[in-house]
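Quick notes on the structure that follows.
These figures come from a predicted structure and were not determined experimentally. Numbering starts at 1 and runs along the sequence shown. Both backbone and side-chain heavy atoms feed into the values below; hydrogens, waters and symmetry mates do not. When a ligand or atom number is given, it counts from 1 through the structure's own listing order.
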Amino acid sequence: MTTATTGALSPGQVDDYRRNGFLFPLDAMTADQADSYRAKLEAFEAEYGERGSAILRSKAHLVLPWVNELIRLEPVLDVVESLLGPDLYCWGSSFFIKNPHHPGYVAWHQDAPFSSIPKGGEIITAWIALAPSMVENGCLKVVAGTHTKEAEHTFNSDGSNMLSQGQEIAVEVDENDATLIQLRPGQFSLHHQFIFHGSGPSHSDERRIGIAVRYMKPFKREEGTTDTATLVRGSDPYGTFIPEPVPTADMAPESVAYLDEQLVSRHGDRYRK
Ligand SMILES: O=C(O)CCC(=O)C(=O)O
């Protein structure tokens, strides 16, 4: 199995990202590698059911060594380094999974206002596909150029919005302005923390599986605040985050206890729902 090699972004790609607020398709790994990660994910789901689904939604890289590999894929880090520089943290990871014909959708939203990103930090998300992500099964969609300012949000509790807080941008978004981020297994996209993005329900027999990995560079954080993150490349001159342990076995009790503590302190009990 060979590893996909994207390397650094070209100056033109960097300009595209800065202008549009997203970039795709890029190669994270081969289709065979994506299939083998998908098999691990589906074995984990079969073993842990609902509890497993809750874990996959937030920082599963702290309890599953194979997810810890997914946040460190060299081709992804090379690309993110082109935008954020040589020192990189993974601050979060979330699987976004849609089963065939599932009515769940992700309402138009921006990430930054809701993700408890520490003040002074900036996040770039790499959304890595482990299964085909196409318009039929509700691929990610974005509106180019909307990443330059924060928008008002409202909350909708219709039960089908897959976002944990039911958030939704308060202004009407014209679907004709959307770019559909269609990806094959092993490909990934990047998006900016303020880009308008969302995804529709599935009308397909094909499962949609992606992991959103949130990258940040070190920065001088506000006095008196703390948070944890995993340094995945380089070093941190500021001591921005408390370093997170790397799991050595799937669901080792000490790793599960650590994850639980982190998520309760960041989100309260909400993350378990
Ligand atoms: O996967 C999706 O449909 C939405 C992903 C998302 O909202 C995100 O990565 O921030």
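- When only modelled atom types and interatomic distance are considered, K217 and T240 share no side-chain donor-acceptor pair under 3.5 Å.
- Every residue two or more places apart in sequence or in another chain that forms a ring-ring contact (aromatic ring centres under 6.0 Å, His included) with Y48 is listed here: F44.
- A donor atom on one side chain and an acceptor atom on the other are found under 3.5 Å apart for H191 and D111.
- Protein neighbours of ligand 1 below 4.0 Å, counting non-hydrogen atoms: F96, V106, H109, D111, W127, L140, H191, H197, S199, R208, A212, R214.
- Looking only at atom types and distance, the side chain of Y105 has no donor-acceptor partner in the side chain of N161 under 3.5 Å away.
- Two rings, from H197 and H109, have their centers less than 6.0 Å apart.
- A cation-pi geometry, defined here as NZ or CZ lying under 6.0 Å from the six-membered ring centre and within 45° of its normal, holds between R221 and F241.
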